[in-house]
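Encoded as structure tokens, the structure appears first; notes follow it.
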Amino acid sequence: MKSVFTRKIIDGIAAIPAGKICTYGIIAARAGNPSGARQVARVLHSCSGKYRLPWHRVVNREGKISLSKNAGYVRQKILLEGEGVVFDECDRIDLDKYLWWPESSGD
DNA sequence: CTCGTGACTCCCG
DNA sequence: TCGGGAGCCACGA
């Protein structure tokens, strides 16, 4: 862990249940930085190779995968499909159905 | 310590 | 409505 902010991001991602997804912005906001969506991505990159996080359950605001075909887009899609997540004709995920929200801890 | 970057997001044209 | 540009903030060198 580097900082609490990063830690919260990791914790938030790790808290995403299978078959569900979350967006960078939400995780960043829950971590304490609504504008830190990019940091989430950064953390993901770091954690994906260091920790064991469900990075594949994290998508952008449109519910789509931000990765490139040559990056890991295919792998992420496969992983999600393997968890029961389905993609629409636009390779998108139904945020209304699969978008999961971190625990508000009762706020 | 300073500079650069990035799996994003929002706003203006 | 679609497209491009700038902002954002933490982490690595």
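Numbers restart at 1 for each chain; the letters A, B, ... are given by sequence-line order, proteins then strands.
- Listed for the A:D94 side chain is no donor-acceptor partner under 3.5 Å among the backbone atoms of A:D96.
- Whole-Å rounding puts the A:W55 CH2 to B:dA7 P distance at 13 Å.
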Sort me out a list of protein N/O and nucleotides 2-4 of chain C N/O pairs below 3.5 Å, or just none if empty.
none

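- B:dA7 atom P lies 19 Å from atom CD1 of A:I21, rounded to whole Å.
- The nearest whole Å value for the distance from the CG atom in A:L44 to the P atom in C:dC11 is 14 Å.
- If you take CD1 of A:I93 and P of B:dA7, they are 18 Å apart, rounded to a whole angstrom.
- Between A:S66 and A:Y24 there is a side-chain heavy-atom pair separated by less than 4.5 Å.
- Contact annotation for A:Y73: no contact, since no heavy-atom pair falls under 4.0 Å across all strands.
- Remark: C1' of C:dG7 and CD of A:Q39 are 11 Å apart, rounded to the nearest angstrom.
- Using a 4.5 Å heavy-atom threshold, the side chains of A:V85 and A:E81 count as separate.
- Side-chain contact between A:L80 and A:Y98: absent, with no pair of heavy atoms (C-beta onward) separated by less than 4.5 Å.
- Contact annotation: the side chain of A:W55 approaches that of A:L79 to within less than 4.5 Å [non-hydrogen atoms, C-beta and beyond].
- Distances shown here put a side-chain N or O of A:N33 below 4.0 Å from the OP1 or OP2 atom of C:dA10.
- The shortest distance between side-chain heavy atoms of A:F5 and A:Q39 falls below 4.5 Å.
- You'll find the side chain of A:I21 reaches within 4.5 Å of the side chain of A:L95, heavy atoms only.
- Atom-to-atom, NZ of A:K8 to P of C:dA10 comes out at 14 Å; the value is rounded to the nearest Å.
- At a threshold of 4.0 Å, the pair A:D91-A:K64 does not count as salt-bridged, since none of the basic side-chain nitrogens sits closer than that to a carboxylate oxygen.
- Side-chain atoms of A:K20 never come within 3.5 Å of backbone atoms of A:R57 as a donor-acceptor pair (strictly under, hydrogens ignored).
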message: Treating primed atoms plus P, OP1 and OP2 as sugar-phosphate and everything else as base, which nucleotides of nucleotides 8-13 of chain B get B, S or - for protein heavy atoms under 4.0 Å?
response: BS----

